[in-house]
Amino acid sequence: MFGRRESVPFAFIATADRFRSNVTPPPRERASAGELAGRWLLGLCIVTGLVGALVLGMPALSIDQSATGTEQSQASDGR
């Protein structure tokens, strides 16, 4: 049923980390001016959107101090 697997000697596994490649990868290409400008513009748009959402959302998150008095609902006025 199952194919017979050949065992691997443990000495080979122990010395396997010694064999490293001496080939260096090619140097990375520098980004062009258009790519750099696009990255900066994208980052600026993301930061601007987060700041705008925070500025527009702050009034909804603040607690109105004048509304926390002894107000009653309009439904209880008719009793």
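For the single chain, residues carry numbers from 1 onward in sequence order.
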Atom of T48, atom of L44 and distance for their closest heavy-atom approach: OG1-O, 2.6 Å
query: To which residues is V55 joined in a hydrophobic cluster, defined by side-chain heavy-atom contacts under 4.5 Å among Ile, Leu, Val, Met, Phe, Trp and Tyr, whether direct or through other members?
result: V47, V51
task: Not counting sequence neighbours, which residues clear side-chain contact (heavy atoms from CB on, under 4.5 Å) with I46? List them please.
output: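 Testing I46 for side-chain contact (heavy atoms from CB on, under 4.5 Å), a comparison that skips the adjacent residues, returns L42, L50.
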- request: Output all residues satisfying side-chain contact (heavy atoms from CB on, under 4.5 Å) with A31, sequence neighbours left out; order by chain, then residue number.
  value: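 Result, side-chain contact (heavy atoms from CB on, under 4.5 Å) vs A31: E35, L36, R39.
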